[in-house]
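Take a look at the structure below.
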Amino acid sequence: MPVRDRISTSSTRLGVLAAATLAGAGVALALPGAVSRAVDAGVAGEGAGGPLAIVGALLGAALLISATASLWGSYVIADRTREVRRALTAKVFRLGLKGSATFPAGDVTARTVGSAAESAALGPIVIDVGATVLVSAGAVVLLGLLDWTLALSLVVGVTPAVVLLLRLMGQGGALAVEYQTHQAQLSVLLTEALAGGRTIRAAGSVSRESTRVLRPLKGMAETGRRLWTVQTAAAWKAGFLIPMVQVLVLAVAGLRLSQGVLSAGGFLAAVGYTSLALRIVEEADTLFSIAQAQAGGRRVTQVLDAPEHRADGSPTTGDGEDGTLRADAVTVDGALTSVTLSITAGSNVALVGGAGAGKSVLAAVLGGLLPPDQGEVRVGGVRWPDLPPAMVSSYAGFAFERPLLLGDTLAEALGPGDPYEATRLAHADHFLARLPDGLSTPLDSLHLSGGELQRLGLARALARNPRLLVLDDALTSLDPVTEALITTSLTEYVRDRTVLFTARRPSAAAQADTVVWLQEGRVQAHAPHHALWQIPAYRAEFGESA
């Protein structure tokens, strides 16, 4: 589905732009005739004041319409760019962890920054080209009404140029897609390198990583040269053909003038109509812009059309109110394989496993953050996709290892709810009390440690008062004392809530009612910590801390 059908633009501004452009086309077609009548009136010794006033009015209208079209074109592109970027951002968040494999962060950045802006220009460009085609076709018709031999000579001369430009535009469109692909590859590699900057410096591999990151530049340069070659060929060939066609038509017009078929004004009208008819050939750069905008639109549509989840249409029972979580044969490609388990509402559940075991992915699936590729998750007998929207938005609260605070102030970052109780439970109230402006403190003025940031991330999750609290390595930057204090304060808070947390220490797993032990995306066991502790492989998951 084209991007223009997926994203609602400002219809008013687009309508104004189309009206102004069409009005400009009408004025352009009317001007040569008006000039012709003024000249013929002057040559005949008749009063030329009226015709000249019409010419002046048309010139003034042309200037006003051109300024209006330029201004509203900018508005339309700005509106459309904003809407495309919002739609892309929302879609990426809905795709969640699953989307990161298909659309890595760097690729999403390239599509959001570059492709979105390019696709946003498609509407105004199409309107501009449509008006140009209308003017050129209208000029040919008017030229034919003036003298059919003029129209015939123009059509014969301009047809090869139009065919050439259309062929070159097709080549340019393919090269634009190829160039944007190389650009996205560079963005992906650069984003990955920046994320691992400390590791790269520590390993002394800056030079090697720089070479790897810049590898797509060779393809970009080659594609860019080919694109430039195509555009240059179109420009010089059009520049060569246009004067030839003009000379041909004007030669015929001069002959008809000498034969008395055309008047002096008619000759000037022929000059004007010929110039208007050749506009379509002169718009080579605009035609290439259409190809570039279409390429950007295809890259945007790839993200917008990406499937968010698969549903098997199985029946739904219950209303979700009892809060029991059940995963049935849940599979997430590359992360989880046929996971089936049931978690009673109000349980305190630890997720245990080594790196890559699937703990974070399982937590995201159970919390509704990530739709599974196969299988389903039910809350109180209701599949996640079928839950009431109000329940979906308030059911689960997440706290992560590296939380991102959004908003202008701390109060905005913590979101709705009771921030004071939430920060107390997260033991963030002590360092917040030292801030002169408290919760009104601007985020950009804060300098937080990893532990302080994690406590604010936890407070944000608690402030929502969720029925399911997911702690995904949310306390890893805390010292053992602070972690113990928070764990103790949460005990009372979560008494009637379900808690899922990833456990790296045996002491943390021991506090859970039950443990879900994962290895390579599969559940090895679902039992209390003390029962699993008898298994050597389970104890090995905790490494030296065991």
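Only a predicted model underlies this, so the values are computations on that prediction, with no experimental measurement involved.
Counting heavy atoms from C-beta on, the side chains of L500 and L469 never come closer than 4.5 Å. Side-chain contact between F431 and T423 is absent, with no heavy atoms from C-beta onward closer than 4.5 Å. For the pair V377 and V365, the minimum side-chain heavy-atom distance is below 4.5 Å. Side-chain contact between R326 and D328 is present, with at least one heavy-atom pair separated by less than 4.5 Å. Residues L362 and L518 meet the side-chain proximity criterion, which asks for heavy atoms closer than 4.5 Å. Annotation: side chain of K218 is not in contact with side chain of M220 (no heavy-atom distance under 4.5 Å). E401 is not listed as a side-chain neighbour of D472, based on a closest heavy-atom distance of 4.5 Å or more. Counting heavy atoms from C-beta outward, V523 and T340 have side chains that stay 4.5 Å or more apart.
Sorted by first and then second residue, the salt bridge (Lys or Arg N to Asp or Glu O under 4.0 Å) pairs with a member in residues 419-437 read E421-R424; sequence neighbours excluded. Sorted by first and then second residue, the ring pair (Phe, Tyr, Trp, His ring centres under 6.0 Å) pairs involving residues 328-362 (not counting sequence neighbours) form an empty list.
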- request: Determine, stepwise, if the pair S338 / V330 fulfils side-chain contact (heavy atoms from CB on, under 4.5 Å).
  value: CA-CA 5 Å; S338 193; V330 165; over 6 Å; no
Worked check of side-chain contact (heavy atoms from CB on, under 4.5 Å) between F398 and L471: CA-CA 6 Å; F398 287 83; L471 308 179; over 6 Å; no
task: With side-chain contact (heavy atoms from CB on, under 4.5 Å) as the test, would you mind laying out the steps for V499 and V349 before giving the verdict?
output: CA-CA 6 Å; V499 179; V349 181; over 6 Å; no
- request: Decide yes or no on side-chain contact (heavy atoms from CB on, under 4.5 Å) for L532 and V352, but give the supporting numbers first.
  value: CA-CA 11 Å; L532 296 175; V352 172; over 6 Å; no
- prompt: Stepwise, does the salt bridge (charged side-chain N to carboxylate O under 4.0 Å, His left out) test hold for E222 with R225?
  reply: CA-CA 5 Å; E222 176 60 27; R225 281 192 293 269; 3.1 Å; yes
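Side chain of T498 to backbone of G346: a donor-acceptor contact under 3.5 angstrom is found. A side-chain donor-acceptor contact under 3.5 Å links S449 to the backbone of E452. For the pair D373 (side chain) and D333 (backbone), a donor-acceptor distance under 3.5 Å is present. Between the S445 side chain and the T441 main chain, no donor and acceptor come within less than 3.5 Å of each other. A donor-acceptor pair is defined here as one N or O able to donate and one able to accept, closer than 3.5 Å; no such pair exists between the side chain of Q519 and the backbone of G353. Not a single donor-acceptor pair under 3.5 Å links the side chain of S347 to the backbone N or O of I343. Side chain of R522 to backbone of V339: no donor-acceptor contact under 3.5 angstrom is found. One N or O on the side chain of R460 and one on the backbone of L404 form a donor-acceptor pair closer than 3.5 Å.
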Show me, pair by pair, the donor-acceptor contacts under 3.5 angstrom made by side chains of residues 405-413, not counting sequence neighbours?
| from | atom 1 | to | atom 2 | distance (Å) |
| --- | --- | --- | --- | --- |
| T409 | OG1 | E412 | N | 3.3 |
| E412 | OE1 | D408 | N | 2.8 |

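Atoms CG and CG, from L366 and L468 in turn, are 8.0 Å apart once rounded to the nearest 0.5 Å. With values rounded to the nearest 0.5 angstrom, E118 atom CD is found 9.5 Å from I125 atom CD1. With rounding to the nearest 0.5 angstrom, the CD1 atom of I127 is 4.5 Å from the CG atom of L17. In this structure, L453 CG and L458 CG are separated by 11.5 Å, a value rounded to the nearest 0.5 Å. One distance of note links CG of L325 with CG of L341; it measures 8.5 Å at 0.5 Å rounding. Rounded to the nearest 0.5 angstrom, R455 CZ and L425 CG are separated by 13.5 Å.
Ring geometry for W533 against H529 counts as tilted: the plane angle lies between 30° and 60°, on a 0 to 90° scale.
Judged as a side-chain contact (heavy atoms from CB on, under 4.5 Å), and not counting sequence neighbours, the contacts of A116 are V84, R85, L88. Every residue two or more places apart in sequence or in another chain that forms a side-chain contact (heavy atoms from CB on, under 4.5 Å) with A463 is listed here: A422. With sequence neighbours excluded, no residue forms a ring-ring contact (aromatic ring centres under 6.0 Å, His included) with F501. Qualifying salt bridge (charged side-chain N to carboxylate O under 4.0 Å, His left out) partners for D473, counting only residues two or more places apart in sequence or in other chains: R504. Under the side-chain hydrogen bond (donor to acceptor under 3.5 Å, both in side chains) criterion, R82 pairs with D79, sequence neighbours left out. Y75 meets the ring-ring contact (aromatic ring centres under 6.0 Å, His included) test with W72; sequence neighbours excluded. Applying the side-chain contact (heavy atoms from CB on, under 4.5 Å) test to R215 and every residue at least two apart in sequence or in another chain returns R212. Residues forming a side-chain hydrogen bond (donor to acceptor under 3.5 Å, both in side chains) with R299 (at least two apart in sequence, or on another chain): D107, S115. Listed by chain and number, the residues in a side-chain contact (heavy atoms from CB on, under 4.5 Å) with H430 are H427 (sequence neighbours excluded).
The shortest heavy-atom contact between A461 and G397 is CB-C, 4.1 Å. Pairing each heavy atom of A503 with each of F542, the nearest pair is O-CE2, 4.1 Å.
Of the residues listed (H526, Q524, E541), the one engaging W517 in a side-chain hydrogen bond (donor to acceptor under 3.5 Å, both in side chains) is E541, and it is the only one.
For F400, the CZ atom counts as densely surrounded, since its 6.0 Å shell holds more than 12 non-hydrogen atoms of other residues, nucleotides or ligands.
In this structure, a donor-acceptor pair under 3.5 Å is absent between the side chains of N348 and R497.
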